Amino acid sequence: MILDLREFVDFPAGKQLAIDPGQIKPLRDDVKKITRVLLDLTIQKSGDEYYCQGKLSGTAILECWRCLEAYPAELTEKADFIICSADRLTSRDKDVIDDEDYVYFRGDDRRVDLSVIVNQAFLLSLPMKPLCSEGCRGLCPRCGVNLNTGQCDCRKKEPDARWQGLKDLFNQ
Ligand SMILES: [Zn+2]
Ligand SMILES: [Zn+2]
């Protein structure tokens with residue numbers, strides 16, 4: 001995920017980076033597969049700093065938290081950051097060197113690695129609770145049947161108090 005700033009002559013500059021999905025660390029079990037990730041950048045230069053406005057877009061296979069079925073999802077997230085020289089940091093500035101919104105280059109090497117930015121944006125693009133559809137009916141809390149595709153008789157029977165908590169969870 002290397003961006004070479006030397007390739008830009010006129011600013012603002014635009015760039016689309018196709019990210020190898022294999023380089024993304026999803027860090028979540030409900031991300032089953034990442035199929036495509038693009039980062040669209042608009043780069044403005046001011047002095048020795050580069051202001052980047054980015055938009056991450058991607059597609060992934062997520063696991064629905066209600067019915068546990070895998071489904072394809074479109075993901076988008078903003079990814080704004082500033083690229084600047086690490087050499088010119090004052091000691092005060094070094095406090096922000098861990099700030100995820102900054103990316104640094106060293107010396108005359110104007111290549112920067114955007115892995116942290118891209119991974120952060122990807123994580124933020126994920127829904128807190130992925131849903132295959134708004135109306136997903138989830139699994140029957142008693143027998144585990146997928147109520148989107150199947151039926152069971154559990155609801156007709158006496159409600160079992162032991163399952164109420166779980167049922168509430170699924171009905172949230
Ligand atoms: Zn579902
Ligand atoms: Zn059931």
Side-chain angles (χ1 to χ4, degrees), residues 1-3 12-44 50-83 96-104 112-172:
M1 290 180 233
I2 300 295
L3 180 69
K15 174 81 177 173
Q16 184 179 74
L17 290 171
I19 311 287
D20 173 7
Q23 289 190 276
I24 307 262
K25 297 172 193 72
L27 301 177
R28 273 173 50 167
D29 290 343
D30 54 3
V31 179
K32 294 303 168 194
K33 188 175 167 56
I34 304 167
T35 41
R36 184 176 58 88
V37 179
L38 295 173
L39 181 64
D40 281 292
L41 290 175
T42 304
I43 305 166
Q44 186 58 273
Y50 300 81
Y51 293 85
C52 303
Q53 283 185 298
K55 190 186 134 202
L56 183 103
S57 57
T59 51
I61 306 295
L62 304 182
E63 183 181 275
C64 175
W65 75 284
R66 272 190 206 154
C67 71
L68 308 181
E69 290 291 325
Y71 73 99
E74 299 277 342
L75 307 168
T76 60
E77 185 64 40
K78 263 174 52 175
D80 296 345
F81 54 96
I82 298 166
I83 303 173
V96 299
I97 199 157
D98 288 332
D99 192 315
E100 288 148 331
D101 297 333
Y102 283 83
V103 178
Y104 299 94
V112 289
D113 184 358
L114 300 182
S115 305
V116 172
I117 296 287
V118 169
N119 271 286
Q120 177 188 252
F122 181 82
L123 265 184
L124 288 172
S125 77
L126 295 170
M128 291 286 287
K129 293 176 173 174
L131 270 184
C132 64
S133 74
E134 278 302 319
C136 173
R137 301 169 69 186
L139 303 179
C140 170
R142 280 192 83 160
C143 70
V145 105
N146 184 341
L147 297 172
N148 298 311
T149 53
Q151 284 184 332
C152 61
D153 294 327
C154 300
R155 276 158 201 260
K156 293 172 192 158
K157 296 173 189 163
E158 279 297 297
D160 184 331
R162 285 175 304 169
W163 289 100
Q164 196 56 49
L166 191 59
K167 206 164 158 187
D168 290 346
L169 261 183
F170 277 92
N171 289 336
Q172 267 171 24

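Since the structure is predicted, the reported quantities are computational estimates derived from the model, not experimental observations. Start at 1 and go down the list; that is how both ligands and their atoms are numbered.
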Undergrad: Would you check if there is a donor-acceptor pair between the side chains of D40 and Q16 at a distance under 3.5 Å?
TA: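 There is such a pair (donor and acceptor under 3.5 Å, judged by atom type) between the side chains of Q16 and D40.
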
Undergrad: side-chain contact (heavy atoms from CB on, under 4.5 Å) between D101 and Q120: does it pass, once the steps are laid out?
TA: CA-CA 10 Å; D101 297 333; Q120 177 188 252; 4.2 Å; yes

Undergrad: Quick one: does any side-chain atom of K25 pair with a main-chain N or O of G22 as donor and acceptor, under 3.5 Å?
TA: no

Undergrad: With 2.8 Å as the limit, jot down which protein N, O or S atoms are around the Zn ion (ligand 1).
TA: C64 SG, C67 SG, C132 SG, C136 SG

Undergrad: Given side-chain contact (heavy atoms from CB on, under 4.5 Å), test Y51 with I43 step by step and report yes or no.
TA: CA-CA 6 Å; Y51 293 85; I43 305 166; over 6 Å; no

Undergrad: Please confirm whether the backbone N or O of R137 pairs with a side-chain atom of N148, one donor and one acceptor, at under 3.5 Å?
TA: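 Side chain of N148 to backbone of R137: a pair is present.
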
Undergrad: SG (C140) to the Zn ion (ligand 2) to SG (C154): angle, nearest 10 degrees?
TA: 110°

Undergrad: Could you tell me whether the side chains of T35 and T59 share a donor-acceptor contact shorter than 3.5 Å?
TA: yes

